[in-house]
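Beneath this line is the structure, given in structure tokens, with notes to follow.
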Amino acid sequence: MALDGCGQLCKCILILFNILFALVGFAMLGLGLWLRFSSETRGFFNVDLNTQQFVIGVSVLIALGAVILLVAVFGDYGACNENRTALGVFSCLLAILALLEIGAGVFAYMRSDEVGEQLAKFYMTVYAQYVDKGDPGLAVTLSMFHNVLHCCGIIGALDLLVKKTCPDTGFLETFTLPACPTVIVNLFESKAPLVMGLFLGTAAMLILALVCSSLLSKEIQRSQSSPPPYILLSSTVLSPPNQDPVVFTPLPVIIPVADAL
């Protein structure tokens, strides 16, 4: 079916957005499942106060990754096939995610100290289990923390136990890498507005995709309900009063509907 320029633009934006969204969801889900069912970390999911933050963090990672992947599937299917039902489901799920992002940003700002402490505890749990077990999944998690926050271990650059997961820096710069728990707590205490801004920025991207989905759905409905672009005309020749009218149909004349009206 034919879409106008706005509809085609929204369709392309949604396809690209959902491809990236699917990659993010797949990565989160894959990492979460790896940590959850790894032979080295499977035992952590028995109730244990020492690994509670780890269990909660991995569970959130799995659930959020699965939801993001599901949203991306509905979005790509609806955009590629111009299916209004799939786009409707996509819009509902995306609206829920946007509200959760806004709520998480406000909560992280209002309870920044508590959020920072819990995340620091999660990091220290992952750190301790990696040092004890050496699981590759935990190494990936530590590398993500170290490279995003530009820190290393629980004592800084001299932490040789996790040195291979720390950022690659110059010789002198290596000695200036701070300890990650301190960086995490300071991040939420001193840069709480920035953290909230990251959450709200992500929510704004989701809302933009939601607007594109709504516009595309309206364009699909309009194109389905519009008349065909051409009609066939025939000519009727008047005959004497006592005879039946003669219909003269020459070769089909095709004219645009707008001209016929």
Side-chain angles (χ1 to χ4, degrees), residues 13 16-18 20-25 27-29 31-32 52-69 71-72 75 91-127 140-157 159 162 165-169 173-214:
I13 291 176
L16 293 176
F17 171 83
N18 284 294
L20 295 176
F21 216 41
L23 292 176
V24 172
M28 294 176 64
L29 180 62
L31 179 59
Q52 183 178 8
Q53 287 79 17
F54 181 83
V55 172
I56 294 174
V58 172
S59 299
V60 170
L61 193 66
I62 293 174
L64 190 57
V67 171
I68 290 176
L69 192 58
V71 171
S91 298
C92 292
L93 294 175
L94 203 62
I96 294 173
L97 281 180
L99 291 175
L100 290 177
E101 282 286 338
I102 295 173
V106 174
F107 179 80
Y109 179 76
M110 300 297 295
R111 307 287 295 273
S112 58
D113 295 342
E114 181 179 346
V115 174
E117 290 177 1
Q118 291 298 322
L119 188 59
K121 289 180 179 179
F122 171 75
Y123 171 83
M124 288 187 287
T125 301
V126 174
Y127 173 92
V140 173
T141 307
L142 283 179
S143 296
M144 291 174 59
F145 271 103
H146 293 161
N147 287 282
V148 171
L149 301 176
H150 201 67
C151 58
C152 182
I154 60 175
I155 61 174
D159 198 333
V162 294
T165 65
C166 294
D168 293 329
T169 57
E173 189 179 358
T174 300
F175 294 97
T176 63
L177 289 175
C180 287
T182 304
V183 172
I184 294 171
V185 173
N186 291 339
L187 175 65
F188 281 89
E189 288 182 351
S190 62
K191 298 181 180 179
L194 176 61
V195 174
M196 184 177 68
L198 292 175
F199 279 102
L200 295 182
T202 305
M205 293 177 58
L206 299 180
I207 293 173
L208 176 62
L210 180 61
V211 171
C212 286
S213 176
S214 299

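The closest side-chain heavy-atom distance from Val67 to Leu93 is not below 4.5 Å. At least one side-chain heavy atom of Leu177 sits less than 4.5 Å from a side-chain heavy atom of Pro167. Val58 has its side chain within reach of Ile62: a pair of non-hydrogen atoms, C-beta onward, lies under 4.5 Å apart.
Of all heavy-atom pairs spanning Gly116 and Val185, the tightest one is O-CG2, 4.1 Å. Taking each heavy atom of Ala95 and Leu210 in turn, the nearest pair found is CB-CD2, 4.2 Å. Counting all heavy atoms, side chain and backbone alike, Asn18 lies closest to Val71 at OD1-O, 3.9 Å. Considering every non-hydrogen atom in both Ile68 and Phe21, the closest pair reads CG2-O, 3.2 Å. Taking both residues in full, the closest heavy atoms of Pro181 and Ala120 are given as O-CB, 4.2 Å, listed atom of the first, atom of the second, then distance. The shortest heavy-atom contact between Glu101 and Phe199 is OE1-CD2, 3.3 Å.
Partners of Cys212 by disulfide bond (SG atoms under 2.5 Å apart), not counting sequence neighbours: none found. Residues that satisfy the side chain to side chain donor-acceptor pair (under 3.5 Å) test with Thr165, not counting sequence neighbours, are His146.
Between Tyr123 and Phe145, the two ring planes are perpendicular [angle over 60°; tilted spans 30° to 60°].
How far CG of Leu119 is from CD1 of Ile184: 4.5 Å, rounded to the nearest 0.5 Å. Annotation: the span from Cys152 atom SG to Leu142 atom CG amounts to 9.5 Å, rounded to 0.5 Å. Atom CG of Leu99 and atom CG of Leu94 lie 10.0 Å apart (nearest 0.5 Å). To the nearest 0.5 angstrom, Met144 atom CE is 10.0 Å from Leu149 atom CG. Distance CG/Leu200 to CE/Met205: 13.5 Å, rounded to 0.5 Å. Remark: Leu194 CG to Tyr109 OH distance equals 12.0 Å, nearest 0.5 Å.
Remark: side-chain polar atoms of Thr125 are paired, donor with acceptor, to backbone N or O of Lys121 under 3.5 angstrom.
Taken as a pair, Cys166 and Cys151 fail the criterion of an SG-SG distance shorter than 2.5 angstrom.
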